[in-house]
Structure formats: structure tokens, C-alpha cells
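For reference, the structure is listed below as C-alpha cells.
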Amino acid sequence: MHDDRAALIAGLIALAGFLKAIPEVPVSPAPVTVRAFPDNGPDDQMRAEVDKVADLLGTEIDPAHLPHGHYMTGIDFGPVRYEFTAILAAARARHAAEDSYRGCITPNNT
């Protein structure tokens, strides 16, 4: 886990340095989001992990995503955003049910 974290940080620093050194390389004006997730587990355990990260960030839980089963927090650094999101059991089950039909229907392209 420490190696993954170090590799991500090194990659972000390298990208920033590269873009700064070569301003001719285009970048999108759209924001960049780095997303992280707790391991799947019981909802209360995943919510507790998100609460812990929210405390570290000094942020709140984003209520806009709760109806979709996403318990998340995030912080912005200009156009760069860090999000930590737990996808709760009901949302995972809903996605799995919807995804179970993938490949079962073939459009008639006549």
C-alpha cells in the first residue's frame, strides 16, 4: 500500500513538472479528480472510513450523493479534486443487477 501511494504521488509530481516544463502540451480546462475508495465491506464500516478521511481533510459528507448510495467527501485544490467515496451495499447491488443484462440484448441495426 505504501508503494502504491508513493508511486501515485511521484506520478502526480512528475506530471505537474512535465506540464510546467513544456507549456505547449495542451491540457483540458475540465477539472481533474483523483478518486479513492475503501475496501468493500459492511456499510457502517465503510462510512466510518469515509468519516475518518473527512476529519483528516476537514470536510463534510457530500449530501448530494447520498440518494445514489455514495457516501463521499472531497476537497478541491483549484481545478484538482480529491474524493474518497464508499459505494454502499444497495448501490453495489443495484449496479450488479443492472449490469447483469449486459450482452443479453442485441440492437437490430437494420
Side-chain angles (χ1 to χ4, degrees):
M1 172 101 111
H2 178 70
D3 290 341
D4 291 341
R5 179 183 178 85
L8 174 65
I9 293 167
L12 290 170
I13 291 168
L15 174 61
F18 175 80
L19 293 174
K20 185 175 182 180
I22 307 173
E24 297 82 17
V25 174
V27 295
S28 171
V32 172
T33 303
V34 174
R35 291 187 173 97
F37 304 89
D39 291 334
N40 285 344
D43 286 351
D44 58 342
Q45 181 181 348
M46 291 191 308
R47 281 192 296 266
E49 288 186 56
V50 175
D51 290 340
K52 179 181 173 184
V53 171
D55 285 343
L56 292 169
L57 300 177
T59 59
E60 301 291 327
I61 301 304
D62 187 341
H65 296 275
L66 292 173
H68 307 290
H70 294 179
Y71 191 79
M72 68 178 291
T73 192
I75 190 168
D76 296 309
F77 300 91
V80 178
R81 180 168 178 78
Y82 170 83
E83 292 179 353
F84 192 70
T85 305
I87 301 173
L88 303 179
R92 292 193 313 269
R94 185 173 53 251
H95 176 74
E98 291 169 355
D99 198 46
S100 70
Y101 287 95
R102 185 179 309 276
C104 296
I105 299 171
T106 305
N108 185 357
N109 294 328
T110 57

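Fair warning: this is a prediction, and the values are worked out from it, not measured in the lab. Computed over heavy atoms, backbone and side chain alike; hydrogens, waters and symmetry mates excluded.
Cluster membership check: I9 does not share its hydrophobic cluster with V34, using side-chain heavy-atom separations under 4.5 Å among Ile, Leu, Val, Met, Phe, Trp and Tyr. Note on I13 and L19: separate hydrophobic clusters, where clusters join Ile, Leu, Val, Met, Phe, Trp and Tyr whose side-chain heavy atoms are under 4.5 Å apart, directly or indirectly. Transitive grouping of hydrophobic side chains (ILVMFWY, heavy atoms separated by less than 4.5 Å) keeps F18 and L12 in distinct clusters. Cluster membership check: V80 does not share its hydrophobic cluster with L56, using side-chain heavy-atom separations under 4.5 Å among Ile, Leu, Val, Met, Phe, Trp and Tyr.
Contact check for V50 versus V53: no side-chain heavy atoms found under the 4.5 Å cut-off.
Considering every non-hydrogen atom in both P67 and P63, the closest pair reads CD-O, 3.5 Å. Heavy atoms only, all atoms of each residue included: G41 and R92 are closest at O-NH2, 3.7 Å. For the pair R81 and G74, the tightest heavy-atom approach, listed with the atom from each and the gap, is NH2-CA, 3.6 Å. For the residue pair H65 and M72, the shortest heavy atom distance occurs at CD2-SD, 3.2 Å. Taking all atoms of both residues into account, the shortest heavy-atom contact from A91 to H68 is CB-O, 3.5 Å. Here the closest heavy-atom approach between residue A36 and residue Y82 is recorded as CB-OH, 3.7 Å.
Here the OG1-CD distance, from T73 to E83, works out to 9.0 Å after rounding to the nearest 0.5 Å. Distance CZ/F37 to CD/E49: 13.0 Å, rounded to 0.5 Å. In this structure, CG in L8 is found 12.5 Å from CG in D3, a value given to the nearest 0.5 Å. In this structure, N40 CG and I87 CD1 are separated by 7.5 Å, a value rounded to the nearest 0.5 Å. Once rounded to the nearest 0.5 Å, the distance linking CZ of F84 with CD1 of I75 reads 14.5 Å. Atom CG of residue L88 and atom CG of residue L66 lie 8.0 Å apart, to the nearest 0.5 angstrom.
In the model, Y71 has no side-chain atom that pairs as donor or acceptor with a side-chain atom of D43 under 3.5 Å.
More than 12 heavy atoms of other residues, nucleotides or ligands sit less than 6.0 Å from atom CG of D55.
The backbone N or O of A64 lies less than 3.5 Å from a partner atom in the side chain of D62, making a donor-acceptor pair.
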